[in-house]
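Every value quoted in this text rests on a predicted model; they were computed, and no experiment measured them. Atoms within a ligand are numbered from 1 in the order they appear, just like the ligands themselves.
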Amino acid sequence: MTSPATTTSGTVRRASDSSPLVAAEELPPGRHFIDGQFRTGNDNGSLTVVDPCTENAICQVAQGTVADVDAAVGAAVQARRTWGTTTPKHRAEALLAIADRLAENAELLARLEALNTGKPMMVAEDDVAMSIDSFRFMAGAVRATTSLAAGEYAEDHLSVILREPLGVVGVVTPWNYPLLMVVWKIAPILAAGNTVVLKPSEQTPLTTLKFAELVADLLPTGVFNVVTGPGSVIGARLSEHPQVDMIALTGSVNSGRAVARAAAESLKRVHLELGGKAPVVIFEDADLAAAAESLRTAGYWNSGQECGAGCRVLVHESVAERFAQLLVDQVSTLVVGEPGAGADVEIGPMISKSHFDRVLEHLERAQADGAKAAVGGGALDGPGFFVAPTVLVDVPQGAACSLEEIFGPVVTVETFTDEEDAVTRANEVPFGLSASVWTLNAQRSHDIASRLDAGTVWVNSHLVLATEMPWGGFKGSGYGRDLSAYALDDYSRTKHVMHHTGR
Ligand code: NAD
């Protein structure tokens, strides 16, 4: 493919207003939240939370220990006895009150999320809105559950299905959607009658702690607990803890493996939402302009730090040049900046220095492998961990940039020859979280969607989520479902009670 006309990388728009995004008094306590109270815990030093736009420290947060996890699990075990026997209506009312509290504080939560992650306000606001919606949905869904009808399936025996909570669920969350990933887990977990011990990412604990502060009076003590600290200590203890009945992680494949291994000893249930590398399969009959416009958002939302990002384009060779130029035209208009630099900012920084370095290494390696940056291709001027929105073309088949999760504002464009080639190539990544197919041929759209190994497949769209619909992967993307009634099932157990009716 001939490289489309390139544009040079832009600059980072900086916030001109010197007033901070979040005032010091609006920050949450930097301590664990255990048994209804913020606690310093066993003093083990602290973690520095960094603003990725400026590289300045925001605040310190307690670094927990195994003893802190054990204290939180103890509180959750106590609380499960009562919370687990409340009615769905009772729990639904608590969830609706939480949703209302989040809505009352939506603006603060969005600013705090933007400060901690550097994400644009439009992304942070969307995260908060979906968090509120998730609580409202789960409040309704838990009151409207269905299962097999009670009845006589064996002569003189009445069968009844009970749906019970599991007990204590350990939750470990990532840094890309700190609040939203907490809510995707705990809304169904709490709705199903479980209690929770949660560990946020060490880079982004602020909205999780703020959430705990905001809802402290809305849940009985011990139902929701937070322990901050490193995954290798806090996450590992939650995964192995004999009194934790299930462990749910959203994170990388390596962390997923570590959690599953640690959980194996106690045979607790495991729920894993891991990485992605979503193929975007564009046929020659597709609306190319619509596909390019959609990828402007779907490939770069949250600066590409998005497990469902449409980051791996496979386009039919006959329209590849035209599509690549359309995509470059779209991507060249993305506004990069700090969240305080305006409501129209669309791209923020990478979360941390180490992640920034990783994305840049990927870009260097891609170019060494023969790929060309048709737009972007490297870092933008600091301070902060900003990477230019990038489209890589002339990507050789099998290049690492087209198979590995980069998790930055980078979309690769490769070509395919026919349907068979398209499906084989789309499925060759080790992940299976999401994918999209672009064609105006109805039969082809159905055929290809059914042959793609992905938990979500969009047709003529990408990265549109609905709270009512399940989200989760196949293969290296893990197992278990977030969102929808399927998540409620994942966090419940089914018991068959059979009564002899003849005596
Ligand atoms: P990460 O795996 O580095 O960290 C995720 C969490 O796991 C953190 O809280 C971390 O402290 C913890 N952790 C690390 N080692 C652990 C261990 N041994 N035991 C228990 N916990 C441990 O991931 P990240 O960099 O924070 O997030 C990015 C990753 O998350 C990407 O791979 C992305 O695709 C994935 N992600 C997936 C989804 C999804 O819905 N599938 C959503 C968001 C992010």
Part of [X] within contact of ligand 1 (heavy atoms, under 4.0 Å):
{"X": "Leu238", "answer": "neither"}
{"X": "Gln203", "answer": "neither"}
{"X": "Val259", "answer": "side chain"}
{"X": "Glu405", "answer": "side chain"}
{"X": "Ser252", "answer": "both"}
{"X": "Asn254", "answer": "neither"}

Among all protein non-hydrogen atoms, which one is nearest to [atom], and what is the separation to 0.1 Å?
{"atom": "atom 27 (O) of ligand 1", "answer": "Pro174 CB, 3.3 Å"}
{"atom": "atom 18 (N) of ligand 1", "answer": "Ala258 CB, 3.4 Å"}
{"atom": "atom 22 (C) of ligand 1", "answer": "Gly231 CA, 3.5 Å"}
{"atom": "atom 41 (N) of ligand 1", "answer": "Leu274 O, 2.8 Å"}
{"atom": "atom 38 (C) of ligand 1", "answer": "Cys307 SG, 2.9 Å"}
{"atom": "atom 44 (C) of ligand 1", "answer": "Asn176 ND2, 3.2 Å"}

Original post:
Of the choices Phe407, Phe431, Tyr177, which has the non-hydrogen atom that lies closest to atom 33 (C) of ligand 1?
Top reply: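 It is Phe407 whose heavy atom sits nearest to atom 33 (C) of ligand 1.
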Original post:
Any idea which of Leu198, Val172, Ile247, Leu180 brings a heavy atom closest to atom 7 (O) of ligand 1?
Top reply: Val172
Can we say [X] and [Y] salt-bridge, meaning some charged N sits less than 4.0 Å from an Asp/Glu carboxylate O?
{"X": "Lys210", "Y": "Glu213", "result": "yes"}
{"X": "Asp127", "Y": "Lys119", "result": "yes"}
{"X": "Glu202", "Y": "Lys199", "result": "yes"}

Is [X] close enough to touch ligand 1? Criterion: a residue heavy atom under 4.0 Å from a ligand atom.
{"X": "Gly473", "answer": "no"}
{"X": "Trp175", "answer": "yes"}
{"X": "Ser477", "answer": "no"}

Will you find, in the side chains of [X] and [Y], an N or O donor that is under 3.5 Å from an N or O acceptor?
{"X": "Ser354", "Y": "Asp357", "answer": "no"}
{"X": "Ser46", "Y": "Gln63", "answer": "no"}
{"X": "Asn44", "Y": "Thr65", "answer": "no"}
{"X": "Asn56", "Y": "Asp51", "answer": "no"}
{"X": "Ser201", "Y": "Gln203", "answer": "yes"}

Original post:
Is Gln367 atom CD crowded by more than 12 heavy atoms from other residues, nucleotides or ligands, each under 6.0 Å away?
Top reply: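 Atom CD in Gln367 is crowded, with more than 12 foreign heavy atoms closer than 6.0 Å.
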Kindly confirm or rule out an N or O of [X] lying under 3.5 angstrom from an N or O of ligand 1.
{"X": "Lys199", "answer": "yes"}
{"X": "Ser255", "answer": "yes"}
{"X": "Thr173", "answer": "yes"}
{"X": "Glu202", "answer": "yes"}
{"X": "Trp471", "answer": "yes"}
{"X": "Gly251", "answer": "yes"}

**OP:** Kindly say whether the aromatic ring centers of His271 and Tyr491 come within a distance under 6.0 Å.
**Re:** yes
**OP:** Please assess Val182 against Val171 for the test side-chain contact (heavy atoms from CB on, under 4.5 Å), listing each intermediate value before the final yes or no.
**Re:** CA-CA 8 Å; Val182 166; Val171 176; over 6 Å; no
Original post:
Would you say the side-chain atoms of Lys353 pair up with the backbone N or O of Glu55, donor to acceptor, closer than 3.5 Å?
Top reply: no
**OP:** Could you go through the side-chain hydrogen bond (donor to acceptor under 3.5 Å, both in side chains) check for Tyr177 and Glu306 one step at a time?
**Re:** CA-CA 8 Å; Tyr177 295 103; Glu306 155 64 60; 2.4 Å; yes
